[in-house]
Amino acid sequence: MAILQEKDFKKHISSKKLNNIYIIYGDEKYLVKHYTRELVKAAVGENPPEFSFHEFETSFDLNNLSAAVGSVPFMTEYNCVLVKDYSLSKLSKDEYDSLVSVVKSTPASTVLIFSYPTKEKDEKNSETGKKVSFKTFLNTVDKIGVVVEINMRSATALEHQIAAWADKMDKKISLPVASKMIFYCGTDLSTLNLELRKAVAYAGDNDEITLEMVDKVVTKKLEAKVYDLVDDVIYGNIDKAYRELHSLFQNREDPRDILRILGFSYVDLYRARVTLESGGNIKETADFFKYAGRAWVLSKAQKKSERLSTNALRESIGTIADLSEKLNSVGMNEEAALERLIAQLSIISRRES
């Protein structure tokens, strides 16, 4: 199966040589929405006539879909039918066969698009509990149309995307500041776009969005807050680390979630440390452990990992694992236990320095 990725699909749309059947899906929902809009625009224009554009969502009568697919274009080159988040799990075998029949009978004058801008591609049938084979549907479409998978971009690509958005809003943002936004907010483009707009509004008449502005207005994910806490521990800012921890408690964050992310952060440091010690490649390590869109986390862990020896990182991970095991087997004050853990991690770090 030849699945188009973002770069090739962008060229495909620009070529204006459209196929008549598409499936667009992937992890990056913002881009799935974006390229679905671009494909519709290429087929029937920015404001398509009512009779040349038909939209269906989630579930519907297949007879109505068949009628829309068979419609003749009106004042446009193509008739366009957009099906969003169609749930295959609700179909019986006969209904699935009918769907395939409609797809295969799509005339050359119609562009039929199956887009998944919010739902995941794999679902379970509520009656049987079995997973519907989305791949089977992909294979069917791939033989007669185009399958497009849009997944998360690399950290570098995300930084440039944020900078491009800022330019369109008449602001400048440096790539390091954009990188900090990604660290705070994660890699979801919809979230990044929303947080950038907050920063642009806060910047007011200033031409450039600074790190200080981002620090003040961007909403940090729990992961970013915990990673900041770990930075404070490693760099010896123990008072600040405790302030961060107490702030998380005040915001009613689950201590077990905090502990889980603490564990992840030290595992990231350990993997980065071992990779550097062995002369390995961070990207290869990220690929091996399937970091995917989070590969930038390992890259950022490289410098911090130099402050702790491999043995110190092993001891820190062991200390975190011990507390995790105790929380699952013994009743205790979880917040107090986390406070003691931060003290233990700080002692290990200070011993190194």
Side-chain angles (χ1 to χ4, degrees), residues 1-6 8-9 12-13 17-40 42-44 48 50-74 78-152 290 292:
M1 180 188 297
I3 298 178
L4 291 187
Q5 303 299 319
E6 179 186 357
D8 291 331
F9 187 49
H12 174 80
I13 293 175
K17 297 176 181 177
L18 302 185
N19 204 293
N20 65 325
I21 304 169
Y22 293 86
I23 293 182
I24 308 174
Y25 71 99
D27 297 332
E28 186 45 78
K29 301 305 182 186
Y30 179 94
L31 291 177
V32 171
K33 293 176 187 176
H34 169 74
Y35 284 109
T36 298
R37 287 195 300 268
E38 291 300 303
L39 181 57
V40 170
V44 288
E50 181 181 351
F51 296 106
S52 288
F53 180 61
H54 318 269
E55 187 171 343
F56 298 85
E57 194 159 354
T58 309
S59 59
F60 44 81
D61 189 323
L62 283 173
N63 290 326
N64 293 335
L65 176 64
S66 179
V69 167
S71 297
V72 177
F74 180 74
Y78 294 102
N79 168 52
C80 183
V81 180
L82 173 60
V83 181
K84 290 163 51 177
D85 290 324
Y86 189 49
S87 181
L88 295 169
S89 66
K90 296 180 180 179
L91 302 182
S92 65
K93 185 181 183 306
D94 288 343
E95 288 172 327
Y96 178 77
D97 291 342
S98 296
L99 171 65
V100 171
S101 177
V102 171
V103 171
K104 288 184 175 180
S105 64
T106 303
S109 59
T110 291
V111 174
L112 173 59
I113 307 166
F114 289 89
S115 176
Y116 289 83
T118 60
K119 280 191 177 183
E120 298 303 320
K121 59 183 183 298
D122 290 324
E123 301 173 325
K124 287 186 177 179
N125 187 292
S126 57
E127 295 180 4
T128 65
K130 293 181 179 179
K131 242 181 189 182
V132 174
S133 179
F134 187 79
K135 188 175 181 180
T136 302
F137 189 48
L138 290 186
N139 285 331
T140 299
V141 172
D142 185 55
K143 292 173 184 175
I144 53 177
V146 176
V147 176
V148 185
E149 185 175 15
I150 308 291
N151 289 321
M152 292 180 181
K290 296 180 171 58

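Values reported hereafter were calculated over all heavy atoms of this structure, with side chains retained and with hydrogens, waters and symmetry mates removed.
The main-chain N or O of Asp94 is found under 3.5 Å from a side-chain atom of Ser98 such that the two form a donor-acceptor pair.
The environment of Phe60 atom CZ is dense: over 12 non-hydrogen atoms of other residues, nucleotides or ligands sit within 6.0 angstrom.
Phe137 is listed as a side-chain neighbour of Leu88, based on a closest heavy-atom distance under 4.5 Å. Side-chain contact between Val44 and Val111 is absent, with no heavy-atom pair separated by less than 4.5 Å. When side chains are defined from C-beta on, Ile144 does not count as touching Asn19, because their heavy atoms never get closer than 4.5 Å. Residues Cys80 and Ile113 meet the side-chain proximity criterion, which asks for heavy atoms closer than 4.5 Å. Two residues are said to be in side-chain contact when any heavy atoms from C-beta on lie closer than 4.5 Å; Asn64 and His54 fail this criterion. Put simply, the side chain of Pro107 reaches to within 4.5 Å of the side chain of Val69, judged on heavy atoms. By the 4.5 Å heavy-atom criterion applied to side chains, Phe9 and Tyr22 are counted as neighbours.
Pairs passing the salt bridge (Lys or Arg N to Asp or Glu O under 4.0 Å) check and including a residue from residues 51-74, sequence neighbours excluded, read Glu55-Lys84.
For the atom pair OH (Tyr78) and CZ (Phe53), the distance works out to 16.0 Å, reported to the nearest 0.5 Å. Taken to the nearest 0.5 Å, the OG1 atom of Thr136 stands 5.5 Å off from the OH atom of Tyr96. Rounding to the nearest 0.5 Å gives a distance of 12.5 Å between CG of Leu4 and CD1 of Ile23. Atom CD in Glu149 sits 7.0 Å away from atom CG in Asp27 (nearest 0.5 Å). The distance from atom CD of Glu95 to atom CG of Asp97, rounded to the nearest 0.5 Å, is 10.0 Å. Within the model, atoms CG of Leu91 and CG of Leu99 stand 6.5 Å from one another, a figure rounded to the nearest 0.5 Å.
Remark: the Asn79 side chain and the Thr110 side chain contain an N/O donor-acceptor pair separated by less than 3.5 Å.
For the ring-ring contact (aromatic ring centres under 6.0 Å, His included) with Tyr25, the lone residue among Tyr35, Phe114, Phe134, Tyr86 that qualifies is Phe134.
The nearest pair of heavy atoms linking Gly26 to Val32 is N-CG2, 4.0 Å. Closest approach of Glu6 and Leu31 over heavy atoms only: OE1-CD1, 3.7 Å. When all heavy atoms of Tyr116 and Lys29 are compared, the closest pair comes out as O-NZ, 3.3 Å. Residues Ser52 and Pro73 come closest through the heavy atom pair OG-C, 3.8 Å. Residue Leu82 comes nearest to Ser115 through the heavy atom pair CD1-CB, 4.0 Å, listed as atom of the first residue, atom of the second, then distance.
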Derivation and outcome, side chain to side chain donor-acceptor pair (under 3.5 Å), residues Asp85 and Thr118: CA-CA 7 Å; Asp85 290 324; Thr118 60; 2.4 Å; yes

